[in-house]
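Note sheet for the following structure.
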Amino acid sequence: GESVGLHLPTLSVQEGDNSIINCAYSNSASDYFIWYKQESGKGPQFIIDIRSNMDKRQGQRVTVLLNKTVKHLSLQIAATQPGDSAVYFCAENRSRGGGNKLTFGTGTQLKVEL
Amino acid sequence: GAVVSQHPSWVICKSGTSVKIECRSLDFQATTMFWYRQFPKQSLMLMATSNEGSKATYEQGVEKDKFLINHASLTLSTLTVTSAHPEDSSFYICSAGQNEKLFFGSGTQLSVL
């Protein structure tokens, strides 16, 4: 959903543990979802995407799960490393027939503790 | 992935002056680019969609006369913040798409004194 100016929720994990970051989206018509990583003072970096005809997709150390029934998206990071510390945003594509107009979620601050 | 270059990375200006931010797609052509604004600890808010060769489309609540967008070529879009005021201080980010994936510039931190 749209950000409404709230402080970012924070997830703290120990190095080596798995991280799970959750996101709820609002529009059942959205058919394309993306996870971005944003480090301080930088632009968002593409991590992984998934289409609505799938419920799971895996990348290198990352997995995205999509539950269309409850409009929920999650990002799982295996063996979390200090370099994974950043803010993670989910984004949904609400444009029918193509187009890249994304709406971003609130974001989650991931902190990796040594 | 595709590379989107944004310049400058940061700018400090006096109140009342105008600031131009450039966004370039380096290795692909982009008929559409997007401009976002981000306040500290908050998400990205879409300001406008920049269309090559035509007028930009602004989101509700974004003043088109204050945030001028020009998309004169398939690889360059510019955002000009006119008559900047301290409340315009923010992190501005552009993006461009390739095959439905959006790639982002590194952002511009604008500070208006």
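Just the heavy atoms: all of them, side chains too, but no hydrogens, waters or symmetry mates, feed the values below. Chain A is the first sequence line, chain B the second, and so forth, proteins listed ahead of strands; every chain is numbered from 1.
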In terms of hydrophobic clustering (I, L, V, M, F, W, Y; side-chain heavy atoms under 4.5 Å; direct or indirect links), are A:Tyr25 and A:Ile50 co-clustered?
yes
Do other residues, nucleotides or ligands put more than 12 heavy atoms under 6.0 Å from B:Lys20 NZ?
no
Go through the steps to decide whether A:Tyr36 and B:Tyr36 satisfy the test ring pair (Phe, Tyr, Trp, His ring centres under 6.0 Å), and finish with yes or no.
CA-CA 14 Å; A:Tyr36 287 94; B:Tyr36 290 82; 9.1 Å; no
Can you tell me how far the CG atom of B:Leu102 sits from the CZ atom of A:Phe104, to the nearest 0.5 Å?
7.0 Å
B:Lys64, NZ atom: more than 12 neighbouring heavy atoms under 6.0 Å:
no
Can you tell me if CD on A:Gln14 sees more than 12 non-hydrogen neighbours from other groups inside 6.0 Å?
yes
B:Leu46 CG to A:Leu102 CG distance, which is reported to the nearest 0.5 Å:
8.5 Å
Can you measure from OG1 (A:Thr10) to NZ (B:Lys41) and round to the nearest 0.5 angstrom?
7.0 Å
Take a 6.0 Å sphere around NE2 of A:His72 and say whether it holds more than 12 heavy atoms from other residues, nucleotides or ligands.
yes
Which bit of A:Gln45 is near chain B, if near means a heavy-atom gap under 4.5 Å: side chain, backbone, both or neither?
neither
Please check if the side chain of B:Ser43 supplies one atom and the backbone of A:Gly105 the other of a donor-acceptor pair under 3.5 Å.
yes
Drop me the distance from B:Ile93's CD1 to A:Lys42's NZ, to the nearest 0.5 angstrom.
13.0 Å
Are B:Phe104 and B:Ile69 linked, directly or through other ILVMFWY residues, by side chains that come within less than 4.5 angstrom of each other?
no
Is any side-chain heavy atom of B:Gln42 closer than 4.5 Å to one of A:Thr106?
no
Is there a path of hydrophobic side-chain contacts, each under 4.5 Å between heavy atoms of I/L/V/M/F/W/Y residues, joining A:Phe33 to A:Ile48?
yes
Interatomic spacing from CZ in A:Phe89 to CD in B:Gln38 - rounded to 0.5 Å:
5.0 Å
